[in-house]
Protein chains: 2
Amino acid sequence: MSAKGSETRERILSAAEPLILRQGFAGTSIDDILKATGLTKGAFFHHFNGKGELARALVERYARNDYELFERFSAEAEAATEDPLAQTLHFLTAFEDFIERLREPVAGCVFAAYTYEGLQFDPAIHAFIAQSFRRWSALYEKRFEAVLASYRPARPVTARELADTIMAIVEGGFILSRSYNDPIIVARLSRQFRQYLELLFVSRIGRARSGPGRSS
Amino acid sequence: MSAKGSETRERILSAAEPLILRQGFAGTSIDDILKATGLTKGAFFHHFNGKGELARALVERYARNDYELFERFSAEAEAATEDPLAQTLHFLTAFEDFIERLREPVAGCVFAAYTYEGLQFDPAIHAFIAQSFRRWSALYEKRFEAVLASYRPARPVTARELADTIMAIVEGGFILSRSYNDPIIVARLSRQFRQYLELLFVSRIGRARSGPGRSS
DNA sequence: ACCTCCAAACCGACCGGTCGGTATGTTTTA
DNA sequence: TAAAACATACCGACCGGTCGGTTTGGAGGT
């Protein structure tokens, strides 16, 4: 595939994502996507075997981009402090800043869109999404495990539960954001989760080094 | 409309809801729904002007049922205790029990499904959904306002923020539930929110009467 | 530097099937 | 017996996908 070829492929994908996020996958025809790119059927079926492969490519692209974003916030947090709790709080504020800076009218998660359209996709795609969710969740979980190793929670809680909670808050936040047409509600919800963490982890275990910096 | 007529209408609706929750609205054809009921086109278009009206009827039905459920849990909570915080915690545990007792393989929220299919619906439907979300949220909000009137939160928080948070947790929980095929994850997430409330509201304002009963 | 040539990239007309919707007829119920 | 309730055949539009053809771009030969 030449440079121009893969550029066209990317053009199709980046035109398809917002359309599907707004109209659903079944509600978005191939012609809709092509109209948005100025291309035609020939180009589409040269780069994709069919609509199903487009679905697969889209979800993989989304997973890749999201993972990179996660790693960026993670690196930023690790550069800022050594304390695992402070790192996690820093991570969340970085995420909140990102959401607030987004000027897109409505955000959304491709995984969630697919999850609610269900059966019409290849089971392999659903497996990939579930795996992506778990992988994403595992990144959070790792953070919370580090926190739990240094702090005694005020209530019994597992790293897994905390990871699932922030994931649900973000996914549910997108739904509310879309329905309310409120672009920054996800950031406000993340702030609630941060408060939960702050209330949960107030006492350190063993020899203290440096507590977490108070976040705004 | 006769008794049999409205029964048929209801049969169509209750057959359509799970299908749409599994395949999406655009991904579910009228024939799919009719095949599930044993009826034919004639019956469908006798009771609905078109697919759009089915969408409207479905979302209204869902809103009605959800509201009733909410009121049921609410009455149960108010019968159990007078303390606003204890009532709210009781409400949440009742909701958790409900989720855990559900034996449906996949749960889901019609509002969320519509929200991710977006543009293909009448704007009036989206307005109705947003209004339903807000009305639902207002019920939570009223509870939290009562709590805030009796308890001083450990961190600054508004009733609105708490209402949005539990709504997001439930909506996001459904997405995770579907993707993971885990029917009770929503209950576990609700429990996290309960813990947040317990940590947030530890000190009463003014003369104490009776603290909230510790929930399991 | 220029031509050759071929594969990748892309076009656009077309096909079969499906979907939402209609028209008309038949049965059931009050 | 009339209206409500439902069945059935059918239509036009659209959608995913195919196919033969044209353009483009770059590697290789001279």
Side-chain angles (χ1 to χ4, degrees), chain A residues 1-59 113-114 117-125, chain B residues 1-59 113-114 117-125:
Chain A
M1 177 155 37
S2 73
K4 187 184 175 191
S6 65
E7 185 192 321
T8 299
R9 190 184 148 96
E10 176 62 25
R11 200 145 58 95
I12 293 175
L13 288 172
S14 55
E17 188 178 294
L19 284 177
I20 287 173
L21 241 25
R22 272 167 206 152
Q23 319 175 127
F25 185 79
T28 305
S29 70
I30 296 177
D31 285 323
D32 280 345
I33 299 167
L34 293 173
K35 189 157 51 179
T37 61
L39 297 168
T40 57
K41 286 281 182 75
F44 181 87
F45 282 95
H46 176 75
H47 290 287
F48 303 96
N49 276 341
K51 211 187 177 188
E53 198 191 300
L54 171 72
R56 220 174 58 90
L58 269 176
V59 78
Y114 280 38
E117 289 204 58
L119 285 187
Q120 62 191 281
F121 296 107
D122 193 310
I125 290 189
Chain B
M1 176 155 35
S2 74
K4 185 183 176 191
S6 66
E7 184 192 321
T8 299
R9 189 186 149 95
E10 176 61 25
R11 199 145 58 96
I12 293 175
L13 288 173
S14 55
E17 188 177 294
L19 284 176
I20 287 174
L21 241 25
R22 271 166 207 155
Q23 323 177 52
F25 185 78
T28 304
S29 69
I30 297 178
D31 285 323
D32 281 344
I33 298 167
L34 294 173
K35 189 156 51 180
T37 60
L39 297 167
T40 57
K41 286 280 183 75
F44 181 86
F45 283 95
H46 176 75
H47 290 286
F48 302 96
N49 275 340
K51 209 188 178 187
E53 198 191 302
L54 171 72
R56 220 174 59 90
L58 268 175
V59 78
Y114 279 39
E117 289 204 59
L119 286 186
Q120 61 191 281
F121 296 108
D122 192 310
I125 290 189

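Numbers restart at 1 for each chain; the letters A, B, ... are given by sequence-line order, proteins then strands. Source: prediction; values computed, not measured. Because only heavy atoms are used, hydrogens play no part in the values below, and waters and symmetry mates are left out as well, while side chains stay in.
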Chemist: When you measure from the side chain of Phe45(B), which nucleotide among dT22(C), dA7(D), dG12(C) comes out closest?
Modeler: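 Closest nucleotide among those given: dT22(C).
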
Chemist: For the residue pair Phe121(B) and Phe25(B), does the interplanar ring angle fall in the parallel (under 30°), tilted (30 to 60°) or perpendicular (over 60°) class?
Modeler: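 Plane angle between 30° and 60°, so tilted.
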
Chemist: Could you please name the option among dG16(D), dG12(C), dC19(C) that lies closest to any side-chain atom of Asp31(B)?
Modeler: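 Of all the options, the side chain of Asp31(B) is nearest to dC19(C).
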
Chemist: DNA chain D: Phe25(A) or Gly42(A), which has the more 5' nearest nucleotide?
Modeler: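 The residue closer to the strand's 5' end, by nearest nucleotide, is Phe25(A).
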
Chemist: For dG12(C), does either OP1 or OP2 sit under 4.0 Å from a side-chain N or O belonging to Lys41(A)?
Modeler: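 For dG12(C), neither OP1 nor OP2 has a side-chain N or O of Lys41(A) closer than 4.0 Å.
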
Chemist: How many whole angstroms separate atom CD of Glu53(B) from atom C1' of dG20(C)?
Modeler: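 It works out to 14 Å between those atoms.
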
Chemist: What contact category does Thr37(A) fall into here, base, sugar-phosphate, or nothing, at under 4.0 angstrom with non-hydrogen atoms?
Modeler: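 Nothing, no heavy atom under 4.0 Å.
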
Chemist: How far does CG of Leu119(A) sit from CG of Leu19(B), to the nearest 0.5 angstrom?
Modeler: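 Here the interatomic distance stands at 9.0 Å.
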
Chemist: Go nucleotide by nucleotide along DNA chain D from the 5' end; which of Ala43(B) and Asn49(A) gets its closest nucleotide reached first?
Modeler: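 The 5'-side residue here is Ala43(B).
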
Chemist: So, does Ser29(A) get its side chain near the phosphate of dC14(D), meaning an N or O under 4.0 Å from OP1 or OP2?
Modeler: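 False: Ser29(A) side-chain N/O out of range (4.0 Å or more) of dC14(D) OP1/OP2.
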
Chemist: Can a side chain N or O of His46(A) be found less than 4.0 Å away from OP1 or OP2 on dA9(C)?
Modeler: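 Checking His46(A) against dA9(C): at least one side-chain N or O falls below 4.0 Å of OP1 or OP2.
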
Chemist: Can you tell me if His47(B) touches the phosphate of dC6(D), counting only side-chain N or O atoms and a distance under 4.0 Å to OP1 or OP2?
Modeler: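 Checking His47(B) against dC6(D): at least one side-chain N or O falls below 4.0 Å of OP1 or OP2.
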
Chemist: I need the CD1-C1' distance between Ile30(B) and dG20(C), as an integer number of Å.
Modeler: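 Going from CD1 in Ile30(B) over to C1' in dG20(C) covers 5 Å.
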
Chemist: For the residue pair His46(A) and Thr8(A), establish whether any side-chain heavy-atom pair is separated by less than 4.5 Å.
Modeler: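 SC-SC contact between His46(A) and Thr8(A) ruled out.
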
Chemist: Give a yes or no on whether Arg56(A) atom CZ has more than 12 heavy-atom contacts from other residues, nucleotides or ligands under 6.0 Å away.
Modeler: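 No, the 6.0 Å shell around CZ holds no more than 12 heavy atoms from other groups.
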
